[in-house]
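Here the structure is a predicted model, which means the values were calculated and not measured. All residue numbers in this chain count up from 1 along the given sequence.
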Amino acid sequence: MADVTVLGAGIFGLSIAWTCLQRGATVRVIDPNGPGAGASGGVVGALAPHVPENWNDKKAFQFDSLIMADSFWAGVHEASGLSSGYARLGRLQPVADDHALGLAHARAETARTLWQGRADWQVIPADGLDWAPLTPTGWLIRDTLTARMHPRQTCAALVAAIRAKGGAIVTDGPLTGHVIHATGTAGLEELTAHHSRTVGNGVKGQGAVLSHAAPDMPQLFADTIHIVPHQDGTTAIGSTSERDYDDPRSTDSQLDDVIARARAAVPALRDAPVIERWAGVRPRSRSRAPMLGAHPLHGGQFIANGGFKIGFGMAPKVGQVMADLVLDGVDAIPEGFRPEASY
């Protein structure tokens, strides 16, 4: 009989399971579709921070999680023998005009305090950089907090680490011990069905993989597009955000536009072939923050949902606070992350 049953083998469910195992609990993960079958099986893998200003619980939580990531993913790699594709290589962004340049310099100052000297936000000249977005001012923002990972490799590494530690990942089984619902869009739809308004919903995203090798280069963010070089010699780009859609798995002209904008923004990608087109639905809570804590519908059980675009970046800290709550009864969840924030 498992001490902890996790429903859902996406990034939140697997990360919570791994953290609970490390604390000595026996764990069973149940997902009828298998690991990484939903949004966590995507292609982009951008672990990008919010801008260092107007600090709040969400930004602080994300910062902590990004700082935790080095040791978290190193532990997964050690246990599994597999790479998650994780690397903290930073990010470059173009500076559009004089107003944006002034704002970038101001954020560099606030980052010195808010990022506690553990990462930098800098304004640098673009001269001589082959791997960079075009920038009309000749200046770029460079931060050293942004990291990348390969979503599918990450899920595979977590699965192997969980099993190596004695955890079970199955398609069905009894709910024993502490039960945590990490069921993504389906879980948010269940909440909404029992409420008078939308508690959360799925947002479709489309992304693409290009054949362009830049494995040691930073991420780029230009024209609202994440451009993420991976260690396997590919570069991923994305994504759209679609509240209304007919087919959650199809790609269309909206992805064509993303690809065209990425090529226009980054000269190095202009002739890179597209080798994969992907679409999936990401769970977004009404509050836009992860939904963590006591489950509103299932008494005595818990919820971890709503990762949306930042689930992979939030995963180490989500694993920590949920293990604290479930195993030790220690509630360190920010108020804005509780289910009540979306009700």
Side-chain angles (χ1 to χ4, degrees), residues 11 34-48 73 82-94 96 126-136 140-142 146-157 203-242 245-282 309-313:
I11 186 58
S40 296
V43 298
V44 180
L47 279 59
W73 297 114
L82 300 177
S83 172
S84 64
Y86 173 83
R88 187 173 146 187
L89 298 172
R91 174 181 58 177
L92 297 173
Q93 304 177 66
D127 298 343
L129 294 179
D130 294 328
W131 177 252
L134 297 175
T135 175
L140 296 165
I141 298 164
R142 174 180 179 266
T146 298
R148 64 107 198 273
M149 63 192 345
H150 193 293
R152 295 168 189 172
Q153 291 178 7
T154 297
C155 289
V203 178
K204 181 179 176 180
Q206 300 184 45
V209 181
L210 308 185
S211 179
H212 180 85
D216 300 319
M217 294 292 104
Q219 283 178 55
L220 310 178
F221 183 70
D223 197 8
T224 71
I225 298 169
H226 294 280
I227 299 159
V228 186
H230 287 296
Q231 66 179 9
D232 63 358
T234 66
T235 296
I237 60 173
S239 62
T240 64
S241 289
E242 305 167 45
Y245 52 87
D246 295 320
D247 184 347
R249 299 288 186 179
S250 67
T251 63
D252 53 34
S253 60
Q254 294 180 80
L255 181 56
D256 295 336
D257 179 63
V258 168
I259 295 168
R261 285 156 54 203
R263 294 191 195 282
V266 183
L269 296 178
R270 285 179 179 166
D271 298 318
V274 177
I275 58 177
E276 182 180 354
R277 296 165 65 96
W278 177 89
V281 179
R282 301 156 298 185
K309 298 181 181 181
I310 56 176
F312 280 86

Taking all heavy atoms of Leu210 and all of Ala272, pick out the closest pair and write down the distance.
CB-CB, 4.1 Å
Hey, could you give me the CD1/CD1 distance between Ile237 and Ile259, rounded to the nearest 0.5 Å?
5.0 Å
Is a donor on one side and an acceptor on the other found under 3.5 Å between the side chain of Arg142 and the backbone of Leu92?
no
Around atom CG of Asp271, are there more than 12 heavy atoms of other residues, nucleotides or ligands at under 6.0 Å?
no
Find the distance between CD1 (Ile227) and CE (Met217) and round it off to the nearest 0.5 Å.
14.5 Å
For Phe221, is there any backbone N or O sitting under 3.5 Å from a side-chain donor or acceptor partner on Arg91?
no
Judged by atom type as modelled, is there a donor-acceptor pair below 3.5 Å linking the side chain of Arg282 to the main-chain atoms of Lys204?
yes
Quick one: do Arg277 and Asp256 make a salt bridge, cutoff under 4.0 Å?
yes
Would you say Thr154's side chain and Ser84's backbone share a donor-acceptor pair under 3.5 angstrom?
yes
Using the rule given for side chain to side chain contact (heavy atoms under 4.5 Å, CB included), can you reason through His230 versus Gln153, listing the C-alpha separation, both sets of side-chain angles and the distance that settles it, and then say yes or no?
CA-CA 11 Å; His230 287 296; Gln153 291 178 7; over 6 Å; no
NE2 of His150 to OG of Ser83: how many Å apart, nearest 0.5 Å?
9.5 Å
Between Trp278 and Val44, is the side chain to side chain contact (heavy atoms under 4.5 Å, CB included) condition met? List the steps.
CA-CA 10 Å; Trp278 177 89; Val44 180; over 6 Å; no
Looking at NE2 of His226 and OG1 of Thr146, how far apart are the two atoms once the value is rounded to the nearest 0.5 Å?
9.0 Å
For the residue pair His212 and Trp131, categorise the inter-ring angle as parallel (less than 30°), tilted (30 to 60°) or perpendicular (more than 60°).
parallel
Is it true that a side-chain atom of Gln219 and a backbone atom of Leu89 form a donor plus acceptor pair closer than 3.5 Å?
no
Rounded at 0.5 Å granularity, tell me how far CD in Gln206 sits from OH in Tyr245.
12.0 Å
If only atom types and distance count, is the side chain of Arg152 paired as donor or acceptor with the main-chain N or O of Gly36 below 3.5 Å?
no
So, does Asp223 use its side chain to make a donor-acceptor pair with the main chain of Ile225 at under 3.5 Å?
no
Contact check, side chains of Leu140 and Pro133, non-hydrogen atoms, under 4.5 Å:
yes
